[in-house]
Amino acid sequence: LALSLPVSLEALVDLSKWLLLIIIIGQQGEAVLATANIIFGCYGLFLISIESFSETVCSTVSNLIGQRQGQALQLLIGRSILLSYLMVAPLLFISLVFPELVLSIFTPAPALMQAALPGLLVILLATLVAVPGENIYSAVAGTGDTRVLLGIQVLVSLTILVSAAVAALRFGLALEYILLAEVLGWLTCLVLSWVWFNSGLWRRLEV
């Protein structure tokens, strides 16, 4: 219970974050929401390879800690980040040079494609930050420090939701500015995860 309950809550917070983000975007109208759904479809495609490497990092960090090979953790994370970039880079390049080609996977409507172009560029930026953010966050998960993992997720979710709400509901900005909240969220995740992992405080745990 001590290990798994925070993990379950972390998944609940992450799911709730996406639900609330969609609700915030939906306040801008059906056309904006339809455009956002297309962009999030592309985003999910970008994240597939990143999440596969991050899951491997989580398992391997736990394995190395169990083998008392903590000195290899930094090398593992660095290699995973590099491989993640190598895997996602071709897709990001195609999306940057031929955005209509990628968007056409999710919609045949030229008007929706044009509306989604600025948001797609923001999501490309978010993906670049997501690579190190997701890998280091998963390294924290691999240490077994699940309470800290939950705390990071809560702070990241609050950053995204507050930023999106201010951009959408307070200032009524365009979708691409609302989506900048995702970039801020990944920056928050990256900084918090990196600081905690490098602090070594997770070594206090005995799993």
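Excluded from the calculations below are hydrogen atoms, water molecules and symmetry mates; all remaining heavy atoms, backbone and side chain alike, are included.
One hydrophobic cluster, built from ILVMFWY side chains closer than 4.5 Å, holds both L73 and L201. Clustering ILVMFWY residues whenever any of their side-chain heavy atoms sit less than 4.5 angstrom apart, transitively, puts V88 in the very cluster that holds V183.
A donor-acceptor contact shorter than 3.5 Å is absent between the side chain of S54 and the backbone of S138. T143 places a side-chain N or O within 3.5 Å of a backbone atom of V140 that can act as its donor or acceptor partner. At least one donor-acceptor pair under 3.5 Å links the side chain of S62 to the backbone N or O of C58. Side-chain atoms of S80 never come within 3.5 Å of backbone atoms of L76 as a donor-acceptor pair (strictly under, hydrogens ignored).
Summarising the hydrophobic clusters (Ile, Leu, Val, Met, Phe, Trp, Tyr; side-chain heavy atoms under 4.5 Å, direct or chained), the residues clustered with V102 are F93, I94, V97, F98, L101. If you chain together ILVMFWY residues whose side-chain heavy atoms come under 4.5 Å of each other, L184 ends up in a group of its own.
Residues satisfying the ring-ring contact (aromatic ring centres under 6.0 Å, His included) criterion with W202, sequence neighbours excluded, are F197. For Q67, the side-chain contact (heavy atoms from CB on, under 4.5 Å) partners at least two apart in sequence or on another chain are N63, Q69. Residues passing the side-chain hydrogen bond (donor to acceptor under 3.5 Å, both in side chains) test with D14 are K17, sequence neighbours excluded. Applying the side-chain hydrogen bond (donor to acceptor under 3.5 Å, both in side chains) rule to S157 yields the partners Q153; only residues at least two apart in sequence or on another chain are considered. Checked against side-chain hydrogen bond (donor to acceptor under 3.5 Å, both in side chains), W196 has the following partners two or more places apart in sequence or in another chain: D145. In this structure, the side-chain contact (heavy atoms from CB on, under 4.5 Å) partners of L20, at least two apart in sequence or on a different chain, are I23, L161. The side-chain hydrogen bond (donor to acceptor under 3.5 Å, both in side chains) test applied to S84 returns N135, not counting sequence neighbours. Evaluation of the ring-ring contact (aromatic ring centres under 6.0 Å, His included) rule for F53 yields no partner, not counting sequence neighbours.
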Residues 170-182, side-chain donor-acceptor partners within the protein, below 3.5 Å, at least two apart:
residue: E182; atom: OE2; partner: Y43; partner atom: OH; Å: 2.8
residue: E182; atom: OE2; partner: W186; partner atom: NE1; Å: 3.3

Can you give the donor-acceptor pairs under 3.5 Å from side chains of residues 112-127 to other protein atoms, not counting sequence neighbours?
residue: T127; atom: OG1; partner: I123; partner atom: O; Å: 2.8

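Expressed to the nearest 0.5 Å, how far CD1 of I160 lies from CG of L155 amounts to 11.5 Å. Atom CD of E10 sits about 5.0 Å away from atom CG of L149, to the nearest 0.5 Å. Expressed to the nearest 0.5 Å, how far OG1 of T107 lies from CD1 of I39 amounts to 11.5 Å. Rounded to the nearest 0.5 Å, atoms CG (L158) and OG1 (T188) are 10.0 Å apart. In this structure, CD1 on I136 lies 11.5 Å from CG on L192, to the nearest 0.5 angstrom.
Applying the side-chain contact (heavy atoms from CB on, under 4.5 Å) test between P132 and each of I50, I77, I81 identifies I81 as the sole match.
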